[in-house]
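Have a look at the structure below, then the notes.
Values below: every heavy atom of this structure, side chains too, minus hydrogens, waters and symmetry copies.
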Amino acid sequence: NFENFGEVVDPILEQGGVASIGQAVTAPDFESKNWFPVTPGALSPGGAAVQAASEGHEVGVIGQDYGAIAKQSTEQIDEIVKDYDGKGISGEILIPLTATDFSPYVTQATEKFKAVVMNSNPQVAEQFISELRALDLEFPVYCVPAICETQTIEELGPLAENIGLVRPMF
């Protein structure tokens, strides 16, 4: 199960006595008695954010505007970073699902943060990084492999400079 709507799906599965095995994404997933995560899910970008913070960056989160799920995920990342440094993240920028021009979001991120953690799908991460590099910016970006896929990193070639690829341990 790799859904993003735990608040809707989890109670139905629990009522039917059906176990949900997959990626824990939403707060209800972590609270469900029927949820058995096989990957760290939403916690992975939190590890990438801690890596950025450990390297001295005030980090922001770049996500997609999925509504409540985006807010929950960012809150989880903030809590993970707070546990590490006592400060948390510097904020978030949510990119609308319909966005095609990423330059306003890149500009906003580089003005607001010292580094970013991608908490989006791979396509958004690739577009964001490509736009960032098209502006000739060597701004630090941190990702997990599920978001910044190894193939994408290889395809970016020299544009992949200053991308921190953080692999979760599980």
Quiz item: Is K112 atom NZ crowded by more than 12 heavy atoms from other residues, nucleotides or ligands, each under 6.0 Å away?
Solution: yes
Practice problem: May I ask you to test the V61-F113 pair for a side-chain heavy-atom distance under 4.5 Å? | Solution: no
Quiz prompt | Reported OG-to-CG distance for the pair S103 and L132, which is rounded to 0.5 angstrom | solution = 11.5 Å
Quiz item: Distance from M118 atom CE to L165 atom CG, nearest 0.5 Å?
Solution: 13.0 Å
Quiz item: So which heavy atom on D101 is nearest to which on Y105, and how close?
Solution: O-CE1, 3.5 Å
Quiz prompt | Interatomic distance, D65 atom CG to E92 atom CD [nearest 0.5 angstrom] | solution = 8.5 Å
Practice problem: Identify the heavy atoms of G46 and I80 that sit nearest to each other, and give their distance. | Solution: O-CG2, 3.7 Å
Exercise. Search all heavy atoms of V144 against all heavy atoms of A48 and return the closest pair with its distance.
Key: CG1-CB, 4.3 Å
Practice problem: Say whether, by atom type as modelled, one donor and one acceptor occur between the side chain of R133 and the main chain of F128 under 3.5 angstrom. | Solution: no
Quiz prompt | Donor-acceptor contact present, side-chain Q64 to main-chain N121, <3.5 Å | solution = yes
Self-check item: V117 side chain near H57 side chain, heavy-atom distance below 4.5 Å
Solution: no
Quiz item: When rounded to the nearest 0.5 angstrom, what is the spacing between CD in E75 and NZ in K82?
Solution: 9.0 Å
Quiz item: Can any side-chain N or O of D78 pair as donor or acceptor with the backbone N or O of I89 at less than 3.5 Å?
Solution: yes
Quiz item: For the atom pair CD1 (I12) and CD (E14), what is the distance rounded to the nearest 0.5 Å?
Solution: 10.5 Å
Quiz item: How far does OG of S120 sit from CD1 of I95, to the nearest 0.5 angstrom?
Solution: 7.0 Å
Practice problem: Look at the side chain of D83 and the backbone N and O of G86, then say whether any donor-acceptor pair between them is shorter than 3.5 Å. | Solution: no
Quiz item: Any sub-3.5 Å donor-acceptor pair from S54's side-chain atoms to Q51's backbone N or O?
Solution: yes
Practice problem: Considering non-hydrogen atoms only, spot the tightest contact between V81 and A49 and give its length. | Solution: CG2-CB, 3.4 Å
Quiz item: Are Y142 and E55 close enough that a side-chain donor and a side-chain acceptor fall under 3.5 Å?
Solution: yes
